[in-house]
Peer 1: 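So that we are looking at the same thing, I have put the structure below in structure tokens.
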Amino acid sequence: MRTSHIVLFTLALGPLAAVSQVVELGPEITPFQRFQLHPHLDKAFEAMSRGDGRRAISELEQAHRLAPQSAVIALHLATAYSRYGEAQKAEALLKSQVKRNPGDRRLIEALRGLERAVPPVPALAPASEPTAAAPVTETAPAAAPKSAAPTKSVDVTSSPVPSRATPRRPAQRPASTPRQRHGTGLVQKTAPAVPGYAAAAAAYAAVDRGETRVALQHARTAAQQAPDNVEYQRLLVYLLLENGHDVEAAATMAQVEQQANLQADPAWRTLHESLQQRRAWGYFDQARQARSRGDLVEAVQRAQQGLEQMPNVLAHRLQLLGLLLEGQQYARAEQVANDGLAVADHASLRVLRAAALQAQGRTGEAAQAFDAALTMPHLTQHEQQSYRIIAADAALAAGQPERAQVLIAPLGAGTDPGVLARQAEVDTALRRVISPASLYTAALRLPMVNCFGSAYTPGCEIWPGPNPADPASEIAQAAYRAYASRDYAEAAEKAGQAMQLNPAHQPYLLLRLQALISGGNTTQAITEADRYLESRPSAPEVLALRSRLRQQLGQTEAASSDARAALQAGRLSLSSEVDLLLQEGRRDEAAALFAEAVSTPALRQSTDPDLAYLATRVGDDRTGLDVFNRAHAAGKLPSTSLQDAAYTATRMVDNERSMLYFREAIDAAEAGRLQLSSRQKFATRRELADRERTWGVNALLGYRGMSPGSVAAQPGAYSDIAQLVGEAYWRPQGYRDGSFWEVYGGLAQTIYSKDGGPRGAETMQGALGLRVKPLRDHNLVLAIERRIKIGSLSHNDWLVRAGYSGGFGTDLRVDVPHWNTLNVYVEAGRFLRRKQDYLTFEAQAGRSFRMGDPDARWVLFPHAVLGVDYNSWRTAAGYNGAAGAGIGLGARYWFREDKYHAPRSYLDLSLQHRWRLAGDERGKGWFLRAALVY
């Protein structure tokens, strides 16, 4: 195809390039493809602007391979083929694309324009140029310089800019002399030259060849030779612009305008606009580069300068708005958007204005602005999706998940990652969370303005913003670790730092307040909660926490006021709402609320241990144990919850599960996953030992009184005797929940009597009984016992009795070398046949000393003792009771322990001396006991 045909085809596609500035790449182009395409399009148009056809075609071909369905990209590629002499490829491409997009009129018109391309008709000569002789060549210069490189297809957020005016060239040449041939040479005679004409003609010819630098040299010569010729000056300005000499072009224009009135000249006005366009583009590109370097200050400055050059070009305003939002200059962004809306009402400006309002906390105005943008006509599918997601992000950040759900509902589920991600967030925000630590708090995702362009044509698209990185994430994790380690001071300090870095994330505030409370700084916690609520009076979780604090301090009225406000505000976590109802004495409502919550699909199979704790607080141990078990099976039960799970299993009489959890707690402590003090470790082993006990054997030798609760041959005997007792018991159902029952049997006999009383086999007494510990948390024991006659002096009878014991410090301690000890026991019984009643009471108070290091198992117990006996059968002296007090020394050796069990057996020796307080003589003297508990 001849050069003139190519030029004409390029000019024919020129309108398409202009239209493409206001038409997006197409709804069939996905967001991911857009990011892939823009770099190739940028490089292609940049290559066109510098005349590098090979590079331009290569980049456009890659873009076409990435998006073969795009008619816009196909048009640009066909233009490049034609412009750089590959018209057949252009025609083949257009025909192929018409088959792919049969209804696209742009493709059809472009193909027709290619087929009917003809040489251009020369324009009229400039009126100011005289007709004179000029050099004549074999082929006339091409009719017009190359058009500016076409611009990429962009979103409606780009704005059209006028193309540069092509200077008119002379159409009539001066008459030439006849040509004469001599040999193979060509000789021509020329008429006298017109000033500047030859240089101008050479400039036009160089433009046709794409040699703009050479053309500029000739244009300078023409302008110098004919300074009054406006057409030559316009040619010079045009080529100065083409070669990037914008400053010189502006100076030349100003100089020419002083000599001639060109305000009414359309071509001159177009050159003015082209100069402004170039300057604005320079600032636009500098702003992009500054932003890529992270210099937002310079980026904003350059974008502002670009907008001042071309205030009616939307892309420059959008670029500035995006940078202002990124730089958190929200009030200024609002004003820039308002200024733009006063010029032209664009949905993109409405969206960015709404984002600026949202960032300033004006959520109501922001919602109205978003809604107004979404109802504007002629929004593309891509714009509808992007703008709805942006509005949904604002709603989520404002704590309005219901509104976010409505906004994204028209987009459908589909497979778009952005829509799916927002739907998941909406579902999370609408779901009832169990604890405040699980609160969903969405950070505000401001929209992102993505700017691009080439060949001095800017374009911008608005995209939903990415999830902002949490600047406090690392330090917040340190705070949580410190809290778990019970380093509450460190946890409070770290949580405070996290709050400063991310003040919108409320869980960091709640963590700090809870750490202050746990560290004993309740007053400071209330002060900080008060300060927070001054600016956010309806923050329900903070109100709930302050209510609990005030309740602990006895400020019941203030606590109740906070509780009512928090419950009315709504959107509380399940645990906070239940705890407030319990605090207010509304236990039935709390239980009903919890039962309703756990029946929902979201919580029915929950493995969150917090739900188990909440269940136990409302008295639903069955649900609590189920949750603990599910969490354990899923590997989500933290080591810190193992003991709580064990106790819950105990209350549900699931001893096997309880013992499993206690064993794992011991393992976790050994491995360092569970921080337990030596006392806590020992207590855990004691719990496991108690629960695994199903039988036992006791033996007792006592002089002057038996240990309370034993099978004595003669309870409350009135003489100085020594008795030997043996007993075995069995717990058929094990420990259960601590309210167990036992079957027991024993033998007892008197082995010594100071006054020569009965002793030996004739005093042997048998017993078989059933005893029950009915209360889980109290050591009350009820027994019914059949006394079986074995020796001649024993008897058959039924005995019913009740015993109660209490005190502290009676077990071994491994954390301290000595500790206070108090042991109190009282027992009452009645022999039914003999109609004999008895009562015995004994209290021992002293201090226990472990003999040796923490691994030692000998304990000495010096103590004071008080004993009281009562028997309905009176003595010969008329007494039926005695009381005495004195001092004693006990020694106990603990044994039978291992990794999982505290010592399960002990040997106990005790020697006391008492002085009579009341009653007969049995209340005074020496008392000796030796006991084996196995």
Peer 1: Using side chain to side chain donor-acceptor pair (under 3.5 Å) as the criterion, list what pairs up with R213, not counting sequence neighbours.
Peer 2: none
Peer 1: Can you tell if the side chain of I389 reaches within under 4.5 Å of the side chain of L411, non-hydrogen atoms only?
Peer 2: yes
Peer 1: Would you list the pairs meeting salt bridge (Lys or Arg N to Asp or Glu O under 4.0 Å) in which at least one residue belongs to residues 53-77, sequence neighbours left out?
Peer 2: R55-E59
Peer 1: Please identify each residue that fulfils side-chain contact (heavy atoms from CB on, under 4.5 Å) with A392, with sequence neighbours left out.
Peer 2: A404, L407, I408
Peer 1: Compare every heavy atom of A355 with every heavy atom of F370, then report the nearest pair and how far apart it is.
Peer 2: CZ-N, 3.9 Å
Peer 1: Where the side chain of Q97 meets the backbone of P68, is there a donor-acceptor pair that is under 3.5 Å apart?
Peer 2: yes
Peer 1: Does V72 reach the side chain of R106, with side-chain heavy atoms less than 4.5 Å apart?
Peer 2: yes
Peer 1: Should V98 and D104 count as side-chain neighbours, where that means a heavy-atom distance under 4.5 Å?
Peer 2: no
Peer 1: Return the set of residues passing side-chain contact (heavy atoms from CB on, under 4.5 Å) with E298 (not counting sequence neighbours), or none when no residue passes.
Peer 2: A290, R293, D295, R302
Peer 1: Compute the ring centroids of H316 and W281, then answer whether they are less than 6.0 Å apart.
Peer 2: no
Peer 1: Give a yes or no on whether Q289 atom CD has more than 12 heavy-atom contacts from other residues, nucleotides or ligands under 6.0 Å away.
Peer 2: yes
Peer 1: Examine distances only and state if a side-chain atom of T457 and a backbone atom of G453 form a donor-acceptor pair shorter than 3.5 Å.
Peer 2: no
Peer 1: Quick check for you: to the nearest 0.5 Å, what is the distance between N450 atom CG and E461 atom CD?
Peer 2: 6.5 Å
Peer 1: Considering residues at least two apart in sequence or located in another chain, which fulfil the side-chain contact (heavy atoms from CB on, under 4.5 Å) criterion with A333?
Peer 2: L321, L324, L325, A356
Peer 1: If you look only at pairs with a residue in residues 305-326, which of them pass as a salt bridge (Lys or Arg N to Asp or Glu O under 4.0 Å), with sequence neighbours excluded?
Peer 2: R291-E326
Peer 1: Residues in side chain to side chain donor-acceptor pair (under 3.5 Å) with Q217, at least two apart?
Peer 2: none
Peer 1: Any non-hydrogen side-chain atom of L239 less than 4.5 Å from a side-chain atom of V207?
Peer 2: yes
Peer 1: Of all residues at least two apart in sequence or in a different chain, which pass the salt bridge (Lys or Arg N to Asp or Glu O under 4.0 Å) check with R445?
Peer 2: D393, E425
Peer 1: Is there a side chain to side chain contact (heavy atoms under 4.5 Å, CB included) between L307 and V313? Walk through the geometry before answering.
Peer 2: CA-CA 8 Å; L307 178 60; V313 175; over 6 Å; no
Peer 1: Could you measure the distance from the CD1 atom of I108 to the CG atom of L94? Nearest 0.5 Å is fine.
Peer 2: 11.0 Å
Peer 1: If you look at every heavy atom in A200 and Y232, which pair is closest and at what distance?
Peer 2: CB-CE2, 3.5 Å
Peer 1: Are L41 and L60 side-chain neighbours, meaning at least one heavy-atom pair lies under 4.5 Å?
Peer 2: yes
Peer 1: Got a sec, which residues hit side chain to side chain donor-acceptor pair (under 3.5 Å) with Q88, two or more places apart in sequence or on another chain?
Peer 2: none
Peer 1: What distance do Q358 atom CD and Y330 atom OH have between them, rounded to the nearest 0.5 Å?
Peer 2: 11.0 Å
Peer 1: Measure from the side-chain N and O atoms of Q62 to the backbone N and O of H40, and report whether any donor-acceptor pair falls under 3.5 Å.
Peer 2: no
Peer 1: For T221, check side-chain contact (heavy atoms from CB on, under 4.5 Å) against everything at least two apart and list the hits.
Peer 2: A199, Q225
Peer 1: Is the closest side-chain heavy-atom distance between V237 and Q233 below 4.5 Å?
Peer 2: no
Peer 1: Suppose we screen for side chain to side chain donor-acceptor pair (under 3.5 Å). Which residues come up paired with Q335, at least two apart in sequence or across chains?
Peer 2: D339
Peer 1: L93 and A78: which non-hydrogen atoms are nearest, and at how many Å?
Peer 2: CD2-N, 3.7 Å
Peer 1: Should I57 and K89 count as side-chain neighbours, where that means a heavy-atom distance under 4.5 Å?
Peer 2: no
Peer 1: How close do N338 and R353 get, heavy atom to heavy atom, and via which atoms?
Peer 2: OD1-NE, 2.7 Å
Peer 1: Search all heavy atoms of A71 against all heavy atoms of L107 and return the closest pair with its distance.
Peer 2: CB-CD1, 3.9 Å
Peer 1: Could you measure the distance from the CD atom of Q385 to the CH2 atom of W463? Nearest 0.5 Å is fine.
Peer 2: 9.0 Å
Peer 1: Kindly compute the distance separating NE2 (H346) from CE (M376), expressed to the nearest 0.5 Å.
Peer 2: 8.0 Å
Peer 1: Ignoring hydrogens and angles, tell me if any N or O in the side chain of T79 forms a donor-acceptor pair with the backbone of L75 under 3.5 Å.
Peer 2: yes
Peer 1: Are the side chains of L349 and V336 in contact, using a 4.5 Å heavy-atom criterion?
Peer 2: no
Peer 1: Return the minimal non-hydrogen interatomic distance between Q319 and A303, and the atom names on each side.
Peer 2: OE1-CB, 3.6 Å
Peer 1: Suppose the criterion is salt bridge (Lys or Arg N to Asp or Glu O under 4.0 Å): which pairs have a residue in residues 280-289, not counting sequence neighbours?
Peer 2: D285-R288
